[in-house]
Structures are given as C-alpha cells and as structure tokens.
Amino acid sequence: MLTWPTHEDFVEVLGVANLGLDPAVDARLRAALRQLDPEERERERQLETRLNAEAHARNAEAQKEEASSAATHRAASANADVDRPMEVHFRYDRDLEIADPADLRPITAEARAAVLEWVHERDQWVKGRGQVVGDAKITVWPGPLPASAGGERVKAGTFLPVTAPAAKTDPAS
C-alpha cells in the first residue's frame with residue numbers, strides 16, 4: 001500500500017541559495033543530511049517508476065499523433081496540384097533538395113535554374129563582406145508560371161550568409 005509522505009520524510013539538504021550564510025548554520029544544515037531509509041527509498045522508486053510510465057505514455061501518444069499527421073500530409077501532397085509552388089532548400093556545400101520530405105516531385109530544370117540565379121544574385125549582395133549564401137529556402141514555381149506570378153519563377157525566399165570558403169588554389173599554377 002502506498003502512503004503519503006509525512007513532513008519528516010524526504011528530508012535532504014542539497015545546499016543553500018544564500019552565499020553569505022553563517023558557517024555555523026551551514027554546518028547545522030549539513031549535519032541534518034541523512035540517507036533515505038528503506039521505506040523512503042521504496043516510495044522514491046515507486047514515484048520514479050510511475051513518472052517514467054507516464055512520460056513513456058505521453059511520448060507514445062505524441063508519436064502516434066505525429067505519425068498520423070505525417071500520413072495525412074503525405075496523402076494531401078500526393079493528391080495536390082503538381083504545378084503548385086515547391087520549397088527548395090539550398091546549401092552551399094550540397095545539391096538542391098526539396099524542403100518538404102512529403103513532396104515527391106522532382107526539381108525541374110527551370111526551377112533549378114531560377115533558384116541558382118536567385119542565390120547568385122544574393123551572393124553578389126554579400127560578396128563585399130567576404131560572405132556567400134550558406135543556406136536558403138526558396139519557394140519556386142516548378143512548372144508553368146501562373147498569371148499571378150508576374151513572370152517571376154521565384155515566389156519568395158530567405159537566406160543566411162556565411163563566411164565564404166577559402167578560394168581553391170590550383171597546384172598546377
């Protein structure tokens with residue numbers, strides 16, 4: 001049977017928040033420190049077991065909800081307009097990637113060219129500071145441009161500049 005602790009139970013002095021504490025008071029507090037008795041250790045173990053079980057149940061429920069949400073998103077992406085805007089992730093040291101893992105469309109040649117042109121333009125903006133576009137998310141029209149696009153394939157984008165990598169030297173020179 002689990003009983004509630006009394007005020008004498010679980011007395012453990014870890015330290016004090018007052019740095020100017022009188023050394024005699026500090027010594028008295030430290031003298032009050034004792035090990036937990038077997039009953040207290042058992043109740044502590046039971047409490048930890050219950051808290052771990054509750055945390056495990058919360059994590060399992062969150063994972064189920066996340067999996068369900070991801071499945072719904074994948075299904076919606078599979079049935080969505082193939083010419084809808086796609087978000088492309090650029091990193092200076094990698095090839096272009098689709099930012100949304102549920103979006104299975106390939107990056108078209110037109111979209112790739114528009115993204116690289118967009119990045120090149122921003123590289124020129126930060127070049128004077130010894131930087132390049134290090135990471136960017138660009139929303140681009142992959143297929144035919146709608147009239148609302150105004151002739152621009154890139155719909156929006158954000159980027160983070162980073163210090164430019166050292167220039168490669170040609171050992172043959």
Side-chain angles (χ1 to χ4, degrees), residues 2 4-5 10 14-15 17 41-173:
L2 182 63
W4 291 101
F10 297 112
L14 300 175
R41 279 196 301 271
E42 176 59 23
R43 285 190 291 184
E44 181 181 48
R45 187 195 62 73
Q46 289 172 356
L47 177 63
E48 286 178 10
T49 301
R50 182 175 55 92
L51 292 176
N52 287 340
E54 289 172 0
H56 181 70
R58 278 193 309 272
N59 289 342
E61 183 63 29
Q63 287 177 349
K64 278 176 48 180
E65 288 177 17
E66 186 176 319
S68 173
S69 176
T72 302
H73 179 66
R74 276 193 306 276
S77 291
N79 296 325
D81 179 12
V82 294
D83 293 327
R84 70 188 183 280
M86 73 171 42
E87 188 173 50
V88 177
H89 184 203
F90 168 87
R91 276 194 42 173
Y92 78 96
D93 59 346
R94 291 188 190 162
D95 194 18
L96 297 179
E97 301 170 340
I98 304 260
D100 181 2
D103 190 348
L104 302 178
R105 298 174 293 167
I107 299 173
T108 63
E110 296 86 359
R112 178 178 296 278
V115 166
L116 295 177
E117 182 181 323
W118 186 93
V119 168
H120 179 71
E121 181 180 348
R122 272 94 190 141
D123 275 338
Q124 300 312 309
W125 295 359
V126 297
K127 184 179 184 180
R129 292 181 274 172
Q131 296 178 321
V132 295
V133 174
D135 189 273
K137 294 251 172 93
I138 303 105
T139 304
V140 63
W141 295 99
L145 292 176
S148 63
E152 293 290 326
R153 189 159 294 280
V154 173
K155 183 174 179 180
T158 59
F159 73 97
L160 296 170
V162 297
T163 303
K168 295 181 183 175
T169 56
D170 186 8
S173 315

Could you give the side-chain donor-acceptor pairs of residues 148-158 under 3.5 Å, partners two or more places apart or in another chain?
{"from": "Arg153", "atom 1": "NH1", "to": "Trp141", "atom 2": "O", "distance (Å)": "2.7"}
{"from": "Arg153", "atom 1": "NH1", "to": "Gly143", "atom 2": "O", "distance (Å)": "2.7"}

Can I get a per-line list of side-chain donor-acceptor pairs under 3.5 Å for residues 74-81, giving both atom names and the distance, sequence neighbours left out?
{"from": "Ser77", "atom 1": "OG", "to": "His73", "atom 2": "O", "distance (Å)": "3.1"}
{"from": "Asn79", "atom 1": "ND2", "to": "Ala75", "atom 2": "O", "distance (Å)": "3.2"}
{"from": "Asp81", "atom 1": "OD1", "to": "Asp83", "atom 2": "N", "distance (Å)": "3.0"}

**Request:** Only counting residues at least two apart or in another chain, list the ones meeting side-chain contact (heavy atoms from CB on, under 4.5 Å) with Glu42.
**Result:** Arg45, Gln46
**Item:** Value rounded to 0.5 Å, distance of CE in Met86 from CD1 in Ile98
**Value:** 3.5 Å
**Message:** Just to verify, what does Arg105 make a side-chain hydrogen bond (donor to acceptor under 3.5 Å, both in side chains) with, not counting sequence neighbours?
**Reply:** Asp103
**Message:** Going by side-chain contact (heavy atoms from CB on, under 4.5 Å), name the residues that satisfy it together with Ala136, two or more places apart in sequence or in a different chain.
**Reply:** Phe90, Trp118, Val133, Ile138, Phe159
**Request:** Could you list the residues that satisfy side-chain contact (heavy atoms from CB on, under 4.5 Å) with Glu87, not counting sequence neighbours?
**Result:** Ala99, Lys137, Thr139
**Message:** I'd like to check the side-chain contact (heavy atoms from CB on, under 4.5 Å) partners of Leu51; sequence neighbours left out, ordered by chain and number.
**Reply:** Leu47, Glu54
Name each donor-acceptor pair under 3.5 Å that joins a side chain in residues 56-71 to protein atoms two or more places apart or in another chain, with its distance.
{"from": "Asn59", "atom 1": "ND2", "to": "Ala55", "atom 2": "O", "distance (Å)": "3.4"}

**Request:** Only counting residues at least two apart or in another chain, list the ones meeting side-chain hydrogen bond (donor to acceptor under 3.5 Å, both in side chains) with Asp135.
**Result:** His89
**Fill in**
Between Pro142 and Ala111, the two heavy atoms sitting closest are CA-CB, 4.1 Å
**Item:** Closest contact, heavy atoms only, Pro165 versus Val132
**Value:** CD-CG2, 4.0 Å
**Item:** Pairs involving residues 112-132, ordered by first then second residue, that meet salt bridge (Lys or Arg N to Asp or Glu O under 4.0 Å) (sequence neighbours left out)
**Value:** Asp95-Arg112
**Asked** By side-chain hydrogen bond (donor to acceptor under 3.5 Å, both in side chains), which residues pair with Asn52, not counting sequence neighbours?
**Response** none
